[in-house]
Amino acid sequence: MATSDTPVPAGTSAPTGTPIPATSPPSQRSLPAERIPVTVLGGPTVLIEYGGLRLLTDPTFDAPGEYPVMGRAVLTKTAPPRTAPTDLGRIDAVLLSHDEHPDNLDHSGRAFLAGVPLVLTTPGGGTRLGGAARGLAPWDSVDLPRPDGGTLTVTATPALHGPEGAEAVLGEVVGFVLTAEDLPALYVSGDNASLDAVGEVAARFGPVDTAVLFLGAARSVFWDGALITLDSALAVEAAHILGARRVVAAHTDSWSHFTEGPADVAAAFHRAGLSHVLRLPN
């Protein structure tokens with residue numbers, strides 16, 4: 001597994017050719033052990049270990065391939081996942097930002113849901129998926145018992161998969177905030193392109209300790225190629241808005257419609273003086 005608790009690698013170069021100095025990020029050994037381990041498995045699929053519970057975002061485990069969508073585009077997966085679902089071990093719940101696009105829930109991901117006791121997703125997704133799926137509208141919450149006797153509260157948050165009005169075309173999307181009395185807050189953005197949505201999260205839960213941001217600057221054939229997820233510049237703004245101590249960059253690889261990769265994110269955070277908060281997948 002490739003952990004996103006790895007800091008920005010020393011010497012990483014941005015596409016502009018501006019190197020990131022080796023002294024800017026802390027070394028892996030200098031980082032304290034995280035109370036909430038977060039592991040990026042490829043694309044939007046992230047393992048979060050929170051208070052003894054093991055949560056997985058947007059499961060995508062297919063091999064590389066093509067997926068026609070909406071009769072107007074083909075999404076191309078370019079890399080396999082970093083781990084097989086059979087190697088994950090116990091998963092207590094899936095946090096599914098939406099079920100309607102294969103880059104967030106592919107064929108293998110759908111099959112994986114059958115073995116999970118709880119899937120939290122959008123209201124429409126809960127209806128379409130059935131079974132263990134439960135739909136949450138923004139600010140709805142669910143309490144999950146932890147193995148240590150505590151409680152994890154999962155709160156659904158607003159998300160917008162493109163410009164205003166995008167939900168009518170691309171469907172509804174949801175993010176999540178994880179909280180507990182004895183643990184810091186963690187935010188999962190889902191496929192969100194709206195800083196206004198981020199601001200709403202910050203107003204209720206900020207400062208957020210850890211922000212798992214779905215980046216990649218994905219763009220759509222609709223709206224003249226407008227962003228449908230955050231780009232690296234917006235990710236920097238989101239980090240400021242949230243007051244995040246740690247930003248885990250997910251959704252930066254494995255799909256051809258992502259127009260930015262990890263190097264772009266690293267460069268943007270370096271320019272903003274925030275390399276020390278950024279964690280990239282290996």
Side-chain angles (χ1 to χ4, degrees), residues 4 36 38-48 50 55-60 94-99 101 103-105 120-122 125 136-140 154-163 166-167 170-179 184-220 226-253 255 258 260 262 264-265 268-269 274 277-281:
S4 284
I36 306 172
V38 177
T39 305
V40 177
L41 303 178
T45 309
V46 179
L47 176 64
I48 301 167
Y50 193 103
L55 312 171
L56 192 73
T57 68
D58 295 16
T60 52
V94 165
L95 308 177
L96 179 61
S97 68
H98 58 305
D99 68 305
H101 300 150
D103 57 325
N104 295 86
L105 184 67
L120 300 177
T121 188
T122 63
L136 299 178
W139 312 124
D140 286 350
V154 181
T155 302
T157 64
L160 183 60
H161 202 2
E167 61 270 15
L170 296 182
E172 57 187 352
V173 182
V174 68
F176 304 93
V177 170
L178 311 182
T179 53
L186 182 146
Y187 167 56
V188 178
S189 72
D191 273 9
N192 172 57
S194 169
L195 287 182
D196 287 342
V198 173
E200 291 184 58
V201 172
R204 292 193 181 219
F205 293 99
V208 170
D209 178 78
T210 298
V212 180
L213 299 181
F214 285 22
L215 307 178
R219 296 181 183 274
S220 171
L227 286 170
I228 57 174
T229 62
L230 298 177
D231 63 11
S232 56
L234 292 176
V236 168
E237 292 189 54
H240 282 301
I241 291 168
L242 294 163
R245 177 190 65 85
R246 174 177 57 156
V247 173
V248 177
H251 201 273
T252 63
D253 58 19
W255 291 87
F258 298 172
E260 291 185 347
D264 301 285
V265 181
F269 274 72
L274 292 177
V277 310
L278 181 63
R279 306 291 182 268
L280 292 171

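All values below were derived from every heavy atom in this structure, side-chain atoms included, with hydrogens, water molecules and symmetry-related copies excluded.
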Please give me the minimum heavy-atom distance between A249 and V265, naming the atom from each residue.
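Smallest interatomic distance, heavy atoms only, reads CB-CG1, 4.3 Å.
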So, does T57 use its side chain to make a donor-acceptor pair with the main chain of P44 at under 3.5 Å?
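Answer holds: yes.
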Does L55 reach the side chain of L178, with side-chain heavy atoms less than 4.5 Å apart?
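They are in contact (side-chain heavy atoms under 4.5 Å apart), so the answer is yes.
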Looking only at heavy atoms, which two atoms of V277 and A244 are closest? And how far apart?
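For V277 versus A244, the nearest heavy atoms are CG1-O, 4.2 Å.
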Which heavy atom in L213 sits nearest to a heavy atom in A238, and how many Å separate them?
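Minimum heavy-atom contact is CD1-CB, 4.2 Å.
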Let me confirm one number: the CZ-CG distance from F176 to L96, rounded to the nearest 0.5 Å.
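Output value for this atom pair is 7.0 Å.
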Could you grab the distance from atom CG of D103 to atom NE2 of H98, nearest 0.5 Å is fine?
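Answer for the CG-NE2 pair, D103 versus H98, is 6.0 Å.
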Over all atoms of both residues, closest heavy-atom pair of A233 and A268
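Closest pair (atom of A233, atom of A268, distance): N-CB, 4.5 Å.
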Looking only at atom types and distance, does a side-chain atom of T252 sit under 3.5 Å from a main-chain N or O of L215, one as donor and one as acceptor?
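It does not hold such a pair.
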With heavy-atom distances below 4.5 Å as the criterion, would you say the side chains of I36 and R246 are in contact?
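Yes, close enough: below the 4.5 Å cut-off.
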Between P281 and D253, what is the shortest heavy-atom contact and its length?
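P281 and D253 have their closest heavy atoms at CG-OD2, 4.3 Å.
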Looking at every heavy atom in both V177 and A185, which two are closest together, and how far apart are they?
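Shortest heavy-atom separation between V177 and A185 comes out as CG1-CB, 4.5 Å.
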Distance alone, cut at 3.5 Å: any donor-acceptor contact between the side chains of D58 and S97?
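D58 vs S97: donor-acceptor pair found between side chains.
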For residues S189 and V212, determine if any side-chain heavy atom of one lies less than 4.5 Å from a side-chain heavy atom of the other.
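A side-chain contact under 4.5 Å is absent here.
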Heavy-atom check, side chain of V40 versus side chain of R279, under 4.5 Å
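No, too far: nothing below the 4.5 Å cut-off.
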Quick one: are T210 and R245 in side-chain contact, heavy atoms under 4.5 Å?
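The answer is yes; the side chains approach within 4.5 Å.
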If we ignore hydrogens and angles and just use 3.5 Å, is the side chain of E260 paired with the main-chain N or O of S232 as donor and acceptor?
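Checked: pair present.
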Distance from D231 atom CG to E237 atom CD, nearest 0.5 Å?
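The CD atom of E237 is 8.5 Å from CG of D231, to the nearest 0.5 Å.
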Working to the nearest 0.5 angstrom, can you tell me the gap between I241 CD1 and D196 CG?
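That separation rounds to 8.5 Å.
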Is the closest side-chain heavy-atom distance between F214 and L230 below 4.5 Å?
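They are not in contact (no side-chain heavy atoms under 4.5 Å apart), so the answer is no.
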Would you indicate whether the side-chain heavy atoms of Y187 and V198 approach each other to under 4.5 Å?
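Yes, side chains in contact.
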Can a donor-acceptor pair be found, under 3.5 Å and without considering hydrogens, that links the side chain of S194 to the backbone of A197?
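Judged by distance alone, yes, a pair lies under 3.5 Å.
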What distance do H251 atom NE2 and T45 atom OG1 have between them, rounded to the nearest 0.5 Å?
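Those atoms lie 9.5 Å apart.
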Any side-chain heavy-atom pair of N192 and P158 under 4.5 Å:
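No - every pair of side-chain heavy atoms lies 4.5 Å or more apart.
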